[in-house]
Amino acid sequence: MSEPLLSSRRSSSEIDGPEDGLLRREPKRHRKPERHGDWIKIGLGVWAGLATLGVIVVAVVCSGMKPGSAPDASFPPKGKRNVVFMVSDGMGPTSLHMTRSFVQHVKGLPWGETLSLDKNLIGTSRTRSTSSLVTDSAAGATAFSCGLKSYNGAISVLPDGSPCGTVLEAAKLAGYKTGLVVTTRLTDATPACFSAHVNLRSEEDRIAEQQLGDYPLGLMLDLALGGGRCHFLANTTAGSCRADSRDLVAEAQEKGFKYVSDRAGFDSLGKGNHVSLPLLGLFAPTDIPYELDRKSEDYPSLDEMAEVALNALEAATKDSEHGFFLMVEGSRIDHAGHGNDPAAQVHEVLAYDKTFARILKWVESHDAVLVSTSDHETGGLAAARQLHEAYPEYLWYPQVLANASHSSEYLAAQYKEFSGEDEDTFIRKTLIEDGFGILDVADDEVEKIKAHKDNAAWAFADIVSRRAQIGWSTHGHSGVDVNIYGSKGTERLRGNHENTDVGRFLAEYLELDLDKVTAILKQKGVSRTSTGSPEYSWMGRGLEELKANAHDAANFHIDALDSYHGDFKRHVHML
Ligand SMILES: *[C@@H]1O[C@H](CO)[C@@H](O)[C@H](O)[C@H]1NC(C)=O
Ligand SMILES: *[C@@H]1O[C@H](CO)[C@@H](O)[C@H](O)[C@H]1NC(C)=O
Ligand SMILES: [Zn+2]
């Protein structure tokens, strides 16, 4: 198996996964009932309540609206409809500031020049999961796919262990075509949540099987483009990371899939105009390289893949009364966040912004809506950093990011391969000067890199972040609200929403019945153990394993926040 080149000491699925601190410990908050002035408050509350009710009654009577009915009767619209849902994995508000300022700097643009995303901001999304205030991508995407909260690690499975029907599945069953476009593994959490159901996101072999129809609903996907080929290849093949000898690529081809796996194959799709569905395109063993490192002669970009998907799905639904549901993920914004690599991240965000602009343009001339949001923020990114005890300066330096021509992940991989004589010169000149455009690397920074020869990505990234005065609070996720962007027709998502509202909006726009899909999954997918308890064995290893991996199994929760267990002392402090 070829290891993913993720800029961390572990693979992306591990660092982003349930195995790694599933439940963030939270101090217990005891809510003491207030004893003073309660009656005054209740009295005022009743009065305010009655007054509000009066205003509502008047408003309802005047407008002839039923209470609780939609403010605009035109929703959902009638006739043929298409939905493109974009996910900027791990992109928080600071990523927008950083990228916007970076572009203004390198292109010499005035302050008022913004990204396409900025021009289409409509609201924000609250991201907590059932098990933590800090969600992972699996629970985050389950909120979008099922419109329901679940635990960190859940792939469209609820805390009670039952599967929940997804927007993509419901759309397919209703007659729509369906597609997924990503830059990470197709089996990673976000795409998996739309097209599979497993208890643990690490079950990527099983996710791949389900994505190709080997589960109770059968084949639900018409188009899938991205990375993650290794989970589709038999373990007897070079480049496989499957545990068994199933050749899913061959199985897909037998089912009628057109399969492409490289740039030439991608180009043969003629921007999507020469495509027959179903289509499977797997362009990298794991992740497609970062935009900053990607060679366009080797790998398609997110924007190019989105173009193929739009054209192919539009053509395939030309004569249908139903359009399509397409999910497009800028997957690796998150990876640059995990790696604390600001230079890699600005290029990932720019690639996403370009793709957003293309899709928005298409949506505006069709019966369609575009919704774009993030599952969570990654890195605790800050557009400022205090480097010394002295009072900090009010600034950060985009020029440092502009000088970088490679990611820290790429440089770490180069270094790992190095076996020549003059290691110091290789690190200073070939990697840091040529790769980062940084000319003042310090001796202790070189030593830190040498101390992590196996994976020096974090050490490389820190060299850039410090000079740019960009701060990070974690190599994991954070709990901050993330932005929602939308085309015309998504006005219901204005303001601050729960992430599940985003999923429900997608379903309501297409008038999908997710509960019906859930019922089919449960009915067709249930098996009974010898003890008689229902078990969805096709969903893989279960919650018991999650519990076993929790560091305090006795207090393990997937449907409530855990409490503080003295964790402050549990780990050696990071300096
Ligand atoms: C490949 O998969 C088969 C099961 O399909 C298993 O018996 C075998 O041990 C696997 N080989 C390797 C090298 O993992
Ligand atoms: C960027 O690179 C140029 C030339 O390679 C160099 O002169 C300059 O100091 C670098 N800037 C920063 C902020 O490192
Ligand atoms: Zn994520």
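We count ligands from 1, going down the list as the structure has it; atoms in each ligand are counted the same way.
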Exercise for review: Report yes if the side chains of Leu115 and Thr99 come closer than 4.5 Å at any heavy-atom pair, otherwise no.
Suggested key: yes

Check your understanding: Going by heavy atoms in the side chains, are Ser145 and Val167 under 4.5 Å from each other?
Key -> no

Exercise for review: Only pairs at least two apart or in different chains count here, so list each side chain to side chain donor-acceptor pair (under 3.5 Å) that has a residue in residues 424-441.
Suggested key: Asp422-Thr425, Asp424-Lys450, Arg428-Asp443, Lys429-Glu433, Asp440-Arg467

**Study point:** Lys/Arg N to Asp/Glu carboxylate O, Arg206 vs Asp214, below 4.0 Å
**Key:** no

Point to revise | Any side-chain heavy-atom pair of Phe356 and Asn120 under 4.5 Å | key: yes

Review point. So does Arg242 pair up with Glu204, basic N to acidic O under 4.0 Å?
Key: no

Exercise for review: Indicate yes or no: does Asp303 engage Arg358 in a salt bridge with an N to O separation below 4.0 Å.
Suggested key: yes

Revision key, fill the gap. The atoms of ligand 1 lying under 4.0 Å from a heavy atom of Ala243, numbered in the order shown, are 1 (C), 2 (O), 10 (C)

Point to revise | Amino acids contacting ligand 2, non-hydrogen cut-off under 4.0 Å | key: Val400, Asn403, Gly437, Leu439

Review point. Taking N or O atoms only and a 3.5 Å limit, does Asp244 qualify as a polar contact for ligand 1?
Key: no

Check your understanding: Can you check whether Tyr151's main-chain N or O pairs, donor with acceptor, with Thr130's side chain at less than 3.5 Å?
Key -> yes

Practice item. Quick one: the OG of Ser137, the Zn ion (ligand 3), NE2 of His376 angle, rounded to 10°, please. Key: 110°

Study note, to complete from the structure: the Zn ion (ligand 3) has as its nearest N, O or S atom from Asp375 the atom OD2

Revision key, fill the gap. In Asp89, the N/O/S atom nearest the Zn ion (ligand 3) carries the name OD1

